[in-house]
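First the structure, in the form of structure tokens, and then the observations on it.
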Amino acid sequence: MKIRILFIIFFLPLSFSAGQISYSISNFLRYGNGERSFGNFKGEFKYVENLTDMRITFPYNVTIGGRLLYDDPPEIGIKYKGLKRRFIEYNGNEFSVRAGNFSELYGRGLALNLFESRGLGFDSWMDGIKFNFRKDNYSVSAIAGVLEFEDSIEIKRKEDYKIYGGNFEVSPLNFFKIGFTYIYSKAEFNLIPSNKNIEAHLPSFYLSASNDSFSFLFDYAYRSTSDLDNKNKSIGCGIYSSISYNEEGLGITFDYKNYRFDFRDPFEKNDITRPTRALPFQNAPIVMKEHSYTLLTRSIHEVDFNDELGMQIEIFYTPNETTSLNFNASVASRHGYYHYDQNNFSFDKIESVNIIPDLSKNYSPYYEIFAELEQNLTEASVIKIAVAIRSKILYDEFFNGLYNHKITSRVIPFQVKNIFSGSYSVEFDYQYESVDDNFNAQQPEYSNHFFSLINMIDQRINLTVRYEFSTNRFDVSGKRFWSAFELGYRFNNNHTAIISYGKEKGGQLCSNGVCRYLLPFEGFRLSLLSSI
Amino acid sequence: MKKTILMLLFSFLILEAQSLSEIKVQSIKNETLHLKELYGQGALLINFWALWCQPCKSELPHLNKLYEKYKGRGITILGINQDTPKSVSKVKSFIASQRIDFPIALDSNFEIFNKFNGQVLPYSLLIDRSGNIVYRHTGYIPGDENAFEKEIINLLNE
């Protein structure tokens, strides 16, 4: 007994201090106390979330880790208290294996992309075993386990998946790579009055080629889903491809998507529990710009991975050290639409053979054009100005286009940043949006204005004031004005605290040197971030 | 007796441990980069960033200047991009346009980011020649690059 105690007292700390056993811990506490409103309804809302991620690495590259999660009540998602994640893994030079919770991505995610986004309340991590082997110019990966998926927004959607699969990738030439994936899944959808059982097969292949100037990628996935209770079968497929050209000061990327995993009539389309839809472990590229300006992060288009065709081009150009230009254009539409036959009370499918998006309103088109200029006026000051034009039509298939939803938005963000001294800098943001939304029937045309002033003092203190107002008298929140004050403090490089008070409309906000996605809220918020 | 032998064996195992040595990443130039080889040259600054993260993009040119200034003295900077498949195809174009010279790797699945317990972006770590993480930094505010430089100089003076 004495020897054991001596061992614990002397050897373990020595091991930690000598680095033979290493550890890392991060903790993120979020607390909010206030209200949420929807129209005339206002209710108290409080959330408490604490997330602790830990990793301990032992001899011979063995690591154990886990996440302690306290989400009660959560800001978004499912209530949870306890050990949310745990795993043990071995990482060797060529071989790694992990048992427990894991994420994984094969190709560009058309067949498998397991990930978590806490801001959206989405979690598709699996619990099982993952194996990877990489040697010279090839790699092999295999996974087996379960995914218990719960949709935080569509609360009816609770699905349990058993997933088995693998990926093989080889580079026969230095600039060329080809990969094959196969995923098999058996799932049970927990529904009322009775559960559904399905079986899905997803073979996929991808190839990529690149040198210093050019890159090309092509990814194809096929999906076959069988509804085991009704003996129905559904098949679908998806394609993603990208090509880019790069040279010093210039980068151009063009990408293309053609997702046809589940083309359905309007009734079936709205059934979020149908077994034939794209599965939660399939998460393909969106082929749209991901913005950092707050008003532009409130997207007017939700990508439909079951039925969407689209293209995007993005150009980054830096003609000199002080000027940067960015241009983006994206367009998307459905493959077809349904026409309601009032005589037969049925839907007739009208499907296009186009491989590029169709901007006719029947195909529910979406497009966006974005351009941005960033100019360093001096060594200490930067100005940015951008313009974005977005348009979306959602075709009304029930009444053959009589009640289409059309929304257009023009956004002009402007930002100026100045460093006054080594320890004080200021950033001012103004974003203007004009909207024309025919579903906002009493006031289809309105504008939104967003102001933000960020003061950064001494690399430690961050004072932010945000103000937003809308001329829309019929906003779903029931409000027209939002304002918030935020104070951030860096205790040292490992610990940061942020408190804020006020009304937030939500969206992506970058302050205190980091970006977060915030949901609409009114009240007091506290965040504490630590890592050691 | 058996217990004593087991404990001595355990001690021996402890003395053989390593932590970052087996981490490898794929760069956007299709090269496999071993972290051990990078930090073994002197020190390694790892910076996790993404295209949608404005402070990240503001920080990159400053890191590039540090890289140009200290690469001849064994300091390497490695940018690990966290863009998901949503926008990862544009990373190479953006890096080319910004004339970033230090190596960039892709981590679309957040695997490397999770290994270092990252929570928000940007997130930076300074690793010394022995593989020890000597400095962590979350976020970017103008002027933070001076703090990185100070830590790099401290390491070089050791």
Side-chain angles (χ1 to χ4, degrees), chain A residues 3 7 11 15 19-22 24-26 28 53 55 57-59 61 91-93 103-105 108-109 113 115 174-175 210 215 217 242 244 246-253 255 284-286 290 292 314 316-318 419 422-423 425 456 459 462 493-494 496 510 512-515 529 531, chain B residues 3-4 7 10-11 13-19 21-24 29-30 51-55 57-58 83-90 92-99 108-111 114-122 130-133 135-144 146-147:
Chain A
I3 294 173
F7 176 81
F11 278 95
S15 305
Q20 273 73 34
I21 297 177
S22 64
S24 67
I25 303 173
S26 66
F28 199 179
D53 280 332
R55 294 180 70 97
T57 301
F58 291 93
N61 302 310
N91 285 294
N93 191 29
S103 62
E104 184 60 284
L105 169 66
R108 280 290 190 264
N113 179 8
F115 74 98
N174 200 31
F175 61 88
S210 65
S215 295
L217 177 122
S242 74
S244 65
N246 311 299
E247 62 178 46
E248 202 174 277
L250 173 68
I252 304 173
T253 301
D255 45 355
I286 57 173
E290 277 195 291
S292 48
E314 182 130 17
F316 298 100
Y317 178 48
T318 307
I419 304 171
S423 57
S425 58
M456 291 160 273
Q459 308 308 119
N462 206 289
N493 291 313
N494 294 332
T496 304
C510 297
N512 293 283
V514 297
C515 293
L529 177 62
S531 59
Chain B
K3 287 175 191 171
T4 311
M7 278 195 286
F10 185 64
S11 310
L13 288 174
I14 287 169
L15 292 171
E16 295 293 311
Q18 302 216 40
S19 56
S21 58
E22 299 308 328
I23 297 178
K24 290 179 286 193
K29 293 183 178 178
N30 288 329
L51 285 172
W52 51 262
C53 165
Q54 189 50 52
K57 290 194 288 187
S58 301
D83 279 281
T84 66
K86 284 181 186 179
S87 46
V88 72
S89 57
K90 303 173 201 174
K92 210 168 168 180
S93 295
F94 176 76
I95 290 297
S97 73
Q98 297 294 305
R99 300 182 173 90
S108 296
N109 199 31
F110 293 82
E111 199 168 318
N114 288 333
K115 279 190 200 295
F116 290 102
N117 273 345
Q119 294 281 0
V120 294
L121 294 177
S130 306
N132 300 310
I133 299 171
Y135 180 73
R136 292 176 197 265
H137 191 101
T138 302
Y140 175 73
I141 292 170
D144 280 354
N146 299 326

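Lettering follows sequence order; numbering is per chain, from 1.
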Using side-chain heavy atoms (C-beta onward) and a distance below 4.5 Å, is [X] in contact with [Y]?
X	Y	result
A:Gln459	B:Asn146	no
B:Asn117	A:Arg55	yes
A:Ser24	B:Arg136	yes
A:Leu105	B:Pro85	yes

Margin query: Under a 3.5 Å cutoff, is there a donor and acceptor pairing between the side chains of A:Ser244 and B:Lys92?
Written below: no

Next item on the list: Please flag which part of B:Ser130 lies under 4.5 Å from any non-hydrogen atom of chain A: side chain, backbone, both or neither.
Entry: neither

Next item on the list: Counting only heavy atoms closer than 4.5 Å, note whether B:Lys24 contacts chain A via side chain, backbone, both or neither.
Entry: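 Side chain only.
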
Once you round to the nearest 0.5 Å, how far does [atom1] of [X] lie from [atom2] of [Y]?
X	Y	atom1	atom2	result
A:Thr318	B:Phe94	OG1	CZ	7.5 Å
B:Ile141	A:Asn462	CD1	CG	5.0 Å
A:Arg108	B:Ser89	CZ	OG	6.5 Å

Item checked: A:Asn174, CG: over 12 other non-hydrogen atoms inside 6.0 angstrom -> no

Notebook entry, point to check: So, for A:Phe316 and B:Lys90, which heavy atoms are closest and what is the spacing to 0.1 Å?
Noted result: CE1-O, 3.8 Å

Next item on the list: Sort out for me which of B:Lys86, B:Gln98, B:Glu111 touches chain A most, counting heavy-atom pairs under 4.5 Å.
Entry: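 Heavy-atom pairs under 4.5 Å are most numerous for B:Lys86.
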
Margin query: Does any backbone or side-chain atom of A:Asp255 lie under 4.5 Å from a heavy atom of chain B? Answer side chain, backbone, both or neither.
Written below: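 When you check distances to chain B, only side chain atoms of A:Asp255 fall under 4.5 Å.
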
Notebook entry, point to check: Just by modelled atom types, is the A:Gly251 backbone N or O under 3.5 Å from a matching donor or acceptor in the B:Ser97 side chain?
Noted result: no

Item checked: When A:Gly109, A:Ser242, A:Ser103, A:Ser425 are compared by non-hydrogen pairs under 4.5 Å with chain B, the top option -> A:Ser103

Checklist line | Under the ring-ring contact (aromatic ring centres under 6.0 Å, His included) test, residues paired with A:Phe28 that sit two or more places apart | finding: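 Once residues adjacent in sequence are excluded, A:Phe28 has no partner under the ring-ring contact (aromatic ring centres under 6.0 Å, His included) criterion.
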
Margin query: Among residues at least two apart in sequence or on other chains, which ones pass side-chain hydrogen bond (donor to acceptor under 3.5 Å, both in side chains) with A:Asp53?
Written below: A:Arg67, B:Gln119

